[in-house]
Asks: 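Encoded as structure tokens, here's the structure I'll be asking about.
Remember, it's a predicted structure, so these values are computed and weren't measured experimentally.
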Amino acid sequence: MVGQPEARPLPRTHELRGAAVGWVGGETPEELADSAAEQVAKGMTAVKLNPCGQLEPLATPAAINAIVDGVTAVREAIGPERDLALDFHGRFSGAMSRRVLPLLEPLLPLFVEEPVLPEFSQDLGAVVRSTSIPIATGERLYSRWDFRSMLSDGIAVAQPDISPAGGISETRRIAAMAEAYDVMVAPHCPLGPIALAASLQLDFAIPNFLIQEQALGIGYGDSRGLLDYLADTTPFTFRDGYIERPAAPGLGITIDEDAVRAAAERGHRWRNPVWRNADGSLASW
């Protein structure tokens with residue numbers, strides 16, 4: 001007769017490198033370096049930043065040099081023992097991607113996220129082939145079928161968002177597809193504690209998990225008080241870039257329903273900024 005396995009404490013598995021995303025903000029290289037140093041002081045093992053604002057489809061050398069200078073300052077601030085991720089949020093054209101990314105290669109970013117907009121995903125393969133930097137994408141892709149061509153084009157990191165991509169089950173299927181292509185998964189989650197808790201459940205269940213984004217300190221919108229919706233915030237305690245695997249029932253969190261009702265009464269009106277190019281056309285934020 002086979003006995004019951006010995007009970008053991010839940011292991012601290014999966015380093016969440018920059019699980020608080022270690023978001024870096026600032027307008028100048030000096031401000032970016034100071035912000036990065038603050039994240040290092042908090043124990044983050046990675047930082048993430050968007051190193052540019054609005055860009056023309058083919059930006060000037062000055063704008064390109066400003067991107068490189070900002071990323072260089074952050075790399076120098078965090079040193080070679082920590083990771084550096086870059087999020088361009090689709091602000092590059094394909095041509096700009098091929099021009100700028102090779103200039104950033106000596107700084108060894110963990111990955112570059114969304115260099116081009118989703119509507120130009122068919123051109124992402126050319127971007128992948130133009131640089132040694134791992135390319136990440138997926139926050140605006142919503143199903144296995146959306147990811148299929150991206151995986152075969154050679155992306156290194158898939159970033160499905162568990163909320164619009166069909167929940168835990170569909171995102172798990174996306175992760176399984178990615179595994180077959182030797183692609184890591186870094187779920188997108190600039191949202192609240194329920195979406196983050198669901199993402200963590202996925203993270204600890206897949207072998208190709210890399211990193212978990214979350215909204216605390218993200219630097220835009222109103223990310224204050226996100227954990228006020230919880231009766232107990234300890235499941236989201238990050239120590240030295242790690243988080244303990246949730247052990248409570250369900251998603252591992254308990255919602256403060258009174259706080260949710262109060263927030264629903266207040267409502268919210270945050271919207272993306274609207275950017276326009278010099279000719280008046282809309283630019284991607």
Asks: Given 3.5 Å as the limit, does a donor-acceptor pair link the side chain of Glu113 with the main chain of Leu86, or not?
Replies: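 Side chain of Glu113 to backbone of Leu86, a donor-acceptor pair under 3.5 Å: no, none is there.
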
Asks: Are any of the side-chain heavy atoms of Phe92 and Val127 separated by less than 4.5 Å?
Replies: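 No, every pair of side-chain atoms sits at 4.5 Å or beyond.
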
Asks: Side chains of Glu31 and Pro29, heavy atoms from C-beta outward: is any pair under 4.5 Å?
Replies: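 No - every pair of side-chain heavy atoms lies 4.5 Å or more apart.
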
Asks: Taking all heavy atoms of Ala186 and all of Val157, pick out the closest pair and write down the distance.
Replies: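 Smallest heavy-atom distance, with atoms named: CB-CG1, 3.7 Å.
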
Asks: For Ala156, what residues pass the side chain to side chain contact (heavy atoms under 4.5 Å, CB included) criterion, not counting sequence neighbours?
Replies: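 Applying side chain to side chain contact (heavy atoms under 4.5 Å, CB included) to Ala156 gives Pro134.
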
Asks: For the backbone of Ile206 and the side chain of Arg172, can you confirm whether one donor and one acceptor N or O come within less than 3.5 Å of each other?
Replies: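 No, because the side chain of Arg172 does not come within donor-acceptor range (under 3.5 Å) of the backbone of Ile206.
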
Asks: Is it the case that the side chain of Arg91 and the backbone of Pro115 share a donor-acceptor pair, with hydrogens and angles ignored and the cut-off at 3.5 Å?
Replies: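 Not confirmed, Arg91 side chain does not pair with Pro115 backbone.
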
Asks: For Glu119, does the CD atom sit with more than 12 other heavy atoms under 6.0 Å from it, leaving out its own atoms?
Replies: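 Enclosed.
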
Asks: Please indicate whether Asp182 has more than 12 foreign heavy atoms, meaning atoms of other residues, nucleotides or ligands, lying under 6.0 Å from its CG.
Replies: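 Counting neighbours around CG of Asp182, 12 or fewer heavy atoms of other residues, nucleotides or ligands fall under 6.0 Å, so no.
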
Asks: Hey, does Leu55 have a side-chain heavy atom less than 4.5 Å from the side chain of Trp275?
Replies: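 Sidechains of Leu55 and Trp275: no contact.
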
Asks: Determine the minimum heavy-atom distance between Met96 and Pro57, stating which atoms define it.
Replies: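 Closest heavy-atom pair between Met96 and Pro57: CG-O, 2.8 Å.
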
Asks: Show, in sequence, the C-alpha distance, side-chain angles and deciding distance for Ser97 and Val116, and conclude whether the side-chain contact (heavy atoms from CB on, under 4.5 Å) test is met.
Replies: CA-CA 8 Å; Ser97 297; Val116 298; 3.6 Å; yes

Asks: Under a 3.5 Å cutoff, is there a donor and acceptor pairing between the side chains of Ser143 and Glu170?
Replies: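 No, no side-chain donor-acceptor pair sits under 3.5 Å.
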
Asks: Look at Arg261 together with Glu257 and state whether they make a salt bridge at an N to O cut-off of under 4.0 Å.
Replies: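 Salt bridge present between Arg261 and Glu257.
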
Asks: Taking side chain as C-beta onward, heavy atoms only, is Lys48 less than 4.5 Å from Val24?
Replies: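 Not in contact.
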
Asks: Restricting to non-hydrogen atoms, name the atom on Leu101 and the atom on Ile133 that form the minimum distance, rounded to 0.1 Å.
Replies: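 Heavy atoms only, the tightest pair is O-CD1, 3.4 Å.
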
Asks: Between the side chain of Asn277 and the main-chain N/O of Asp279, is any donor-acceptor distance below 3.5 Å?
Replies: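 No; zero donor-acceptor contacts below 3.5 Å.
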
Asks: Would you say Arg99 has more than 12 foreign heavy atoms packed within less than 6.0 Å of its CZ?
Replies: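 Counting other residues, nucleotides and ligands, CZ of Arg99 stays at 12 neighbours or fewer.
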
Asks: Answer yes or no: is there a donor N or O on one side and an acceptor on the other, between the side chain of Asp256 and the main chain of Ala259, under 3.5 Å?
Replies: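 Yes, because the side chain of Asp256 sits within donor-acceptor range (under 3.5 Å) of the backbone of Ala259.
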
Asks: Taking all non-hydrogen atoms of both residues into account, name the closest pair between Pro246 and Leu251 and its distance.
Replies: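 Minimum heavy-atom contact is CB-O, 4.2 Å.
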
Asks: For the pair Tyr229 and Ile194, evaluate side-chain contact (heavy atoms from CB on, under 4.5 Å) and give the outcome as yes or no after the intermediate values.
Replies: CA-CA 9 Å; Tyr229 301 122; Ile194 297 176; over 6 Å; no

Asks: Kindly say whether Ala175 contributes a backbone atom to a donor-acceptor pair with the side chain of Asn208 at under 3.5 angstrom?
Replies: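 Present.
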
Asks: Please check if the side chain of Gln212 supplies one atom and the backbone of Pro187 the other of a donor-acceptor pair under 3.5 Å.
Replies: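 Yes, Gln212 side chain to Pro187 backbone: donor-acceptor pair under 3.5 Å.
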
